[in-house]
Amino acid sequence: MSKKIINAKRIVSGSYEKCEVLISQGEISKVADTIDQHADHTIDAKGLLLLPGLVDVHVHLREPGGEAKETIETGTKAAAKGGFTTVCAMPNTRPVPDSPETLTALLEKINLDASVRVLPYASITTRQLGKEIVDMEALSDLGAFAFTDDGVGVQTAGKMFEAMKQASRLNKAIVAHCEDNSLVYGGVSHQGEVSERLGLPGIPNVAESVQIARDVLLAEAADCHYHVCHVSTKESVRVIRDAKRAGIKVTAEVTPHHILLNETDVKEDDALFKMNPPLRSKEDQKALIEGLHDGTIDFIATDHAPHTEEEKQQGFRYSPFGITGLETAFPLLYTHMVETGLATMKDLVEWLTVKPAEAFSLPYGCLEEGSPADLTIVDLDSEKEVDRHQLVSKGKNSPFHGRNLKGWPVMTLVNGEIVFEEAKHETARS
């Protein structure tokens, strides 16, 4: 079955241009201003913006073991609603995908329940305990996207170096949640104005940046692609910038919440604002935005981390870290970066598509002939309020509840198949 998208616009060199797309056998077969060729089905985009499907290399789908928080089914539906067509699932599940058996079971579940493309990580160490390196070769052969113990940092340099050398031989990335546990001091928020005002134990910047400094040197020695998750501090940006200048194969991501929020947005002991790394200072926030613009930070990833309502009602001290992000990422960033002049639309689209795909050599995130027909239609004029209780994700833990945002996805296609369509904004189809 072929499809044709008509009356769309796309971004070309920073400008909007008329666009039509022909889809055949799950691929983009033609992109042009006008396509005369017949198709079995036509989708009228009604002048809306057509983007490559968004790519998120950092999400938590919680299944297996955390189905009360999220499932592969609900998490990928949330991704589709947010315009994401490829997501990479972190391994802090129970059981952990740390063996061929557990990864095979996970892949089977993904094949059954996922509505978007899910690329699963495998852990670096067995059960993410930081002690025994997994069988990376066997897991890589099965289809592990990359290796990470996300949620915990690998605490010993020797173990991380051993993992990097093995990953390098397999041409796989080591992806790191960077946190030196000896410097966390039981912290639950950023060590600064908020921790002092609310009387909370704080996490200092150095807990993150010191482990990045260690790891970039290990990556250089191992000749390994090393990727830094959710960068949050100005010192981390400086270390990554210096490492890139030295030719070290390091890439980095930043989350929408660390770009758009800082510690002053935490007005009370509200765990909807509790995430790890925590919301940092205004100076850190400024450094993150600068790092994104100058290429020190390569792209944006959500770190979608759903939790139950009950878990998040225990205040900063006892609630788990994490917020949801898939459904609100694009409108948040469009409203607060593009609409305000902090970034161009071209910047935003690249940070959410081309650049994460390029960093991991993925054939996604592009609107080109011969590419998978992963596409997102966005209504830039659609304006509505975030209602966390109406999120598709099981996790309703969003600190952006009540925000009025523009630029909502209204249709998402994966391999040419519609996986999300906004009921109140149906595009014309035949």
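Just so we're clear, the structure is a prediction, and the values are computed from it rather than from any experiment. Heads up: numbering here begins at 1 and tracks the sequence.
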Any pair counted as ring-ring contact (aromatic ring centres under 6.0 Å, His included), so long as it reaches [range], sequence neighbours left out:
range            : value
residues 269-297 : H293-W351
residues 159-191 : H177-H230
residues 59-78   : H58-H60

**Report entry** Stepwise side chain to side chain contact (heavy atoms under 4.5 Å, CB included) test for V116 and F420
**Finding:** CA-CA 10 Å; V116 305; F420 165 74; over 6 Å; no

Report task. Measure from the side-chain N and O atoms of T335 to the backbone N and O of K406, and report whether any donor-acceptor pair falls under 3.5 Å. Result -> yes

Query raised in the report: Would you say the side-chain atoms of N397 pair up with the backbone N or O of H307, donor to acceptor, closer than 3.5 Å?
Result: yes

**Report entry** Of E358, H227, K355, the residue whose pairing with T251 passes side chain to side chain donor-acceptor pair (under 3.5 Å)
**Finding:** H227

Assess, by modelled atom type and distance only, whether the side chains of [X] and [Y] contain a donor and an acceptor separated by less than 3.5 Å.
X    : Y    : result
E70  : T74  : yes
T71  : E73  : no
R388 : S398 : no
S232 : R280 : yes
H304 : T302 : no

Query raised in the report: Got E368 and V31 here, is their nearest side-chain heavy-atom distance under 4.5 Å?
Result: no

**Report entry** Geometric class of the H225/F360 ring pair [parallel <30°, tilted 30-60°, perpendicular >60°]
**Finding:** tilted

Report task. Check each of E310, E63, E309, E311 against K69 using the salt bridge (Lys or Arg N to Asp or Glu O under 4.0 Å) test, and report the only one that passes. Result -> E311

